[in-house]
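One structure is given below, encoded as structure tokens.
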Amino acid sequence: MSLYTRFTAHLDTVLDILEADGVLPTGLNRKPVTVEPPRDASHGDLATNAAMVLAKPAGTNPRALAEAIVEKLEGLTEVASASIAGPGFINLTLTDVTWRSELAVLAEEGDDYGRSDIGQGVTVNVEYVSANPTGPMHMGHCRGAVVGDALATLLEYAGHKVIREYYINDAGGQVDVLARSAHLRYREALGEAITIPEGLYPGDYLVLVGEALMHDFGDTYKDKPESEWLGLFRKRAVEYMMILIREDLGKLGIKHDVFSSEAELQAAGKPDEAEAWLRAHDLVYDGVLEAPKGELPDDWEPVVLPLFRSTKFGDDQDRPIKKSNGSWTYFGADMAYHYQKAQSADQLIDIWGADHAGTVKRIQAAVAALTEGKARFDVKLIQMVRLLRDGEPVKMSKRAGNFVTLADVVQEVGKDVVRFTMLTRKADAQMDFDFAKVVEASKDNPVFYVQYAHARISSLGRRAEEAGIVLPAPDLSLLGTAELGLIKLAAQFPRVVEGAALTREPHRIAFYLNDLASAFHGWWNMGNDDPRARVILADDPALTSSRLFLSRGIGQIIRNGLALMGVAALTELN
RNA sequence: GCACCCGUAGCUCAGCAGGAUAGAGCAUCAGAUUCCUAAUCUGAGGGCCAUGGGUUCGAAUCCCGUCGGGUGCACCA
């Protein structure tokens, strides 16, 4: 239990007592009551707004209530002092012993320091990546992949059951194009000279697929009409693409639990089931869409389509679930897919590129309809990443097939750098990824800065050994003011993890680690001005041992934080 | 025309489950290196949190309008 959680419980007990004493009426809503570190450290270690938010419903004034609460809180052994400030804040200062013992807790819990059960075992399905199976992964997919994966890890750490899922879009027109492109490469593998026409995928990665297909089928389908091979080639080419994609994901350290196929979903009749249910509830009807506002497409004509009443759930327009040729729209299938996911999870999260922002409302409407409002469902939009090389945008053309692949980037800068960097911005803010900057060894680069702190800590252990200092058991009472400051920041880690999990914002971990690293570097550098402030003091094994203990604690937190981000901690820099 | 996202220091961005005097890095200026890795650190200046209202004891944070930027707008995925 984190220190903050513990004090929330303490405060709760105090409020119970005040209720029993008749100072507070029973049944007050305590939800707005918070226990947090104050922004300004001079206000103490913890602050609560309890008196302010409860005074009004209790029919008393904040100061009087605060006094009653303070009186009880002062009785706690962990509290050094409690005071009332401003409009009714209660500020607590904890004893040094309390903080020092938190350091012992950290050492004791190790890799689990920061783990919590706030998720209460609720199952969350996180669907991320879901790149079309028509080619290798490129950098456009990267950020969503990392954010989704880190979020999944974070939720697990916070006590959720997590299903990591990938939706294979293998039923649309683009996989026909893939099949035709693969067939062309197949003919090429059989010795034919080919030219790639406009509209087919030109990428080199299909050469291998063509060769594989040649091994699979010999020349059986070389000159056959499309109708004889299209379905088969589609299926086989998608399989090969998924092997490629899994490999790419593996390079980023990402492994999904479930891969769901859109084609299989349709073959199993899931969209039909969803449609039938929705029709029975008058949520699907046959109708004609209004002409789109703004510029009218050339080929627009009114047609009757089965429409889902997404307007009933806040969308601007009802949405077709089938095309005029009778096949399912992407939305029609996706709707059924989300319904299927909701069968095995309490909550759903989709990680999407921001270019799909326009379709969020309809899928949320569909989930609300099909689960009758029971499943929490969030769509997290991931903004674009601009690739730069020394400040200049990297030119890419998907049509020419020369997009920057994820594998190339991982190869160039490394998995850990890619993952960390992708988490140094809030997901819904655009970001730049500069090949030069992300590997720069300077404090401008948080990836490096955090790793450097960890490397320094690791070096301390080695140094102490080399110096041959015989270390006694650490005596935490030797740690002074500067060390306590570091401990207080370290003790916030569990709170940061909880906050990141609740708001589903994994980037908070990266920012916290940067702050922690900064505090550590500052502490370390005190040793430059004052040699007595160094960690390793050959003539003072007791102090050395205590400071090493603290350093290791900081190192532990950096490792825990990095682990949540899927990044390995470095023990030395090269 | 409509919807969504964004607007915080000169620049890049945190902070937004409402909390006290709005933070960090870069850049600028002034300092620290016989050093446990200075690949670092210390300090200073720099803000009508786009704007106008509203809710609240309290708003950068929540709600509405306006302005500015980005994205997407029929049976593409």
Side-chain angles (χ1 to χ4, degrees), chain A residues 31-32 34 36 38-40 42-43 47 49 52-53 55-56 61-62 85-89 91 130 132 134 169 171-175 262 289-297 299-303 305-307 315-317 319-334 353-361 381 383-384 424-426 428-432 440-446 448-449 452-453 455-456 459-460 462-464 466-467 499 502-503 507-508 510-511 514-515 518 521-529 531 533-537 544 547-548 551 572-573:
Chain A
K31 231 180 153 192
T34 58
E36 327 176 286
R39 193 172 287 170
D40 188 336
S42 69
H43 291 139
N49 60 356
M52 285 183 291
V53 293
K56 201 175 193 180
N61 73 69
F89 283 103
N91 293 327
S130 299
N132 284 338
T134 54
N169 303 137
Q174 86 282 359
V175 283
E262 181 184 2
L289 282 178
E290 282 177 37
K293 303 281 193 284
E295 211 169 323
L296 203 61
D299 57 347
W300 188 85
E301 54 183 28
V303 268
L305 294 170
L307 302 176
D315 201 358
D316 333 308
Q317 200 174 38
R319 304 291 174 178
I321 60 172
K322 278 183 180 172
K323 305 177 199 170
S324 50
N325 68 9
S327 65
W328 294 101
T329 61
Y330 182 82
F331 170 64
D334 204 26
D355 51 337
H356 290 81
T359 63
V360 171
K361 276 188 179 174
L381 295 177
Q383 278 292 345
M384 297 296 141
T424 54
R425 285 278 181 285
K426 198 165 44 171
D428 51 17
Q430 294 190 2
M431 81 182 292
D432 289 347
E440 192 176 276
S442 81
K443 63 177 172 175
D444 310 354
N445 180 4
F448 168 80
Y449 190 70
Y452 184 36
R456 276 183 156 173
S459 84
L460 285 173
R462 296 192 295 265
R463 289 275 170 178
E466 287 166 16
L502 284 172
T503 55
H507 76 277
R508 292 183 181 212
F511 280 90
N514 203 54
D515 288 347
S518 174
H521 286 309
W523 180 62
W524 170 288
N525 271 66
M526 288 171 69
N528 285 336
D529 297 330
R534 291 181 192 166
V535 175
I536 295 174
L537 300 166
T544 300
R547 287 184 177 161
L548 260 182
S551 303
E572 54 190 313
L573 304 170

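Residue numbering restarts at 1 for every chain, and letters A, B, ... go by the order of the sequence lines. Keep in mind the model is a prediction, meaning the values are calculated, not measured.
Look at the P atom in both B:G72 and B:A20: the space between them is 39 Å, to the nearest Å. Rounded to whole Å, the P atom of B:G68 lies 22 Å from the corresponding atom of B:C63. The C1' atoms of B:A59 and B:G1 are separated by 33 Å, rounded to the nearest whole Å. Rounded to whole Å, the separation between the P atoms of B:C35 and B:C29 comes to 29 Å. When the P atom is used for both B:C73 and B:C11, the distance is 32 Å, rounded to whole Å. Taking the P atom of each, B:U21 and B:C26 are spaced 28 Å apart, rounded to whole Å. One P atom belongs to B:A22, the other to B:A44, and the distance between them is 16 Å to the nearest Å. The separation of B:G18 from B:G10, taken at their P atoms, amounts to 30 Å, rounded to a whole angstrom.
The side chain of A:Lys323 places an N or O atom within less than 4.0 Å of a non-bridging phosphate oxygen (OP1 or OP2) of B:A77.
In this view, A:Asp432 and A:Arg386 satisfy the salt bridge (Lys or Arg N to Asp or Glu O under 4.0 Å) rule, not counting sequence neighbours. Scored by the side chain to side chain contact (heavy atoms under 4.5 Å, CB included) test, A:Val53 finds A:Pro32, A:Val33, A:Asn49 as partners (sequence neighbours excluded). The side chain to side chain contact (heavy atoms under 4.5 Å, CB included) search around A:Asp315 returns A:Ser310, A:Arg319, A:Lys361, A:Arg362, not counting sequence neighbours. When the ring pair (Phe, Tyr, Trp, His ring centres under 6.0 Å) test is applied to A:Phe89, no partner is found at least two apart in sequence or on another chain. Remark: A:Glu466 engages A:Arg462, A:Arg463 in a side chain to side chain contact (heavy atoms under 4.5 Å, CB included) (not counting sequence neighbours). Residues passing the salt bridge (Lys or Arg N to Asp or Glu O under 4.0 Å) test with A:Arg508, sequence neighbours excluded: A:Glu505. For the ring pair (Phe, Tyr, Trp, His ring centres under 6.0 Å) test, residues two or more places apart in sequence or in another chain that qualify with A:His521 are A:Tyr449, A:Tyr452. In terms of the salt bridge (Lys or Arg N to Asp or Glu O under 4.0 Å) criterion, residue partners of A:Lys322 (sequence neighbours excluded) are, by chain and number, A:Glu275. Residues that satisfy the side chain to side chain contact (heavy atoms under 4.5 Å, CB included) test with A:Ala171, not counting sequence neighbours, are A:Glu262, A:Ala263, A:Gln266.
Nearest heavy-atom pair, A:Leu548 versus A:Val535, reported as atom, atom and distance to 0.1 Å: N-CG1, 3.9 Å.
Closest to the A:Ser324 side chain, of the nucleotides B:A74, B:C4, B:C75, is B:C75.
Computed from coordinates, the A:Gln383 CD to B:G69 P distance equals 17 Å when rounded to whole Å. Remark: C1' of B:C76 and CH2 of A:Trp328 are 18 Å apart, rounded to the nearest angstrom. Protein atom CD of A:Glu301 is 10 Å distant from nucleotide atom C1' of B:C75, rounded to whole Å. Atom CG of A:Asn445 and atom C1' of B:U12 are 13 Å apart (whole Å). A straight line from CG of A:Asn325 to P of B:A74 spans 18 Å, rounded to a whole angstrom. Here B:A74 presents its C1' atom at 9 Å from CG of A:Leu305, a figure rounded to the nearest Å. Atom CZ of A:Phe331 is separated from atom P of B:C75 by 12 Å (rounded to the nearest Å). Taking atom CD of residue A:Gln317 and atom C1' of nucleotide B:G1, one finds them 13 Å apart after rounding to whole Å.
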N/O to N/O distances under 3.5 Å, protein versus nucleotides 34-37 of chain B:
unit_1 : atom_1 : unit_2   : atom_2 : d
B:C36  : O3'    : A:Arg463 : NE     : 3.1
B:C36  : O2     : A:Val535 : N      : 3.1
B:C36  : O2     : A:Ile536 : N      : 3.1
B:C36  : N3     : A:Val535 : N      : 3.2
B:C36  : N4     : A:Trp524 : O      : 2.2
B:U37  : OP1    : A:Ser459 : OG     : 3.0
B:U37  : OP2    : A:Arg463 : NE     : 3.1
B:U37  : OP2    : A:Arg463 : NH2    : 2.4
B:U37  : O2'    : A:Tyr452 : OH     : 2.9

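Using a 4.0 Å heavy-atom distance criterion, A:Arg319 is classed as making no nucleic acid contact. Residue A:Gly173 is classed as a sugar-phosphate contact, given heavy-atom separations below 4.0 Å to backbone atoms only. When heavy atoms are screened at a 4.0 angstrom cut-off, A:Glu466 is found touching no nucleic acid atom at all. Residue-level contact check: A:Phe448 touches the bases, meaning some heavy atom is under 4.0 Å from a base atom.
Interatomic distance, A:Thr544 OG1 to A:Leu537 CG, rounded to the nearest 0.5 Å: 4.5 Å. To the nearest 0.5 Å, atoms NE2 (A:His507) and OG1 (A:Thr424) are separated by 10.0 Å.
Between A:Gly358 and A:Val303, it is A:Gly358 whose nearest contact on RNA chain B lies nearer the 5' terminus.
Scanning RNA chain B for stems, defined as runs of 3 or more consecutive Watson-Crick or G-U wobble pairs whose donor-acceptor distances all fall under 3.5 Å, gives the following ranges: B:1-7 with B:67-73, B:10-13 with B:23-26, B:28-32 with B:40-44, B:50-54 with B:62-66.
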Problem - Summary of protein contacts for nucleotides 15-31 of chain B, nucleotide by nucleotide, where a base hit scores B, a sugar-phosphate-only hit scores S (4.0 Å, heavy atoms) - result: SBB-BB-----S-----
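In this structure, the side chain of A:Arg534 engages the main chain of A:Gly527 through a donor-acceptor pair within 3.5 Å.
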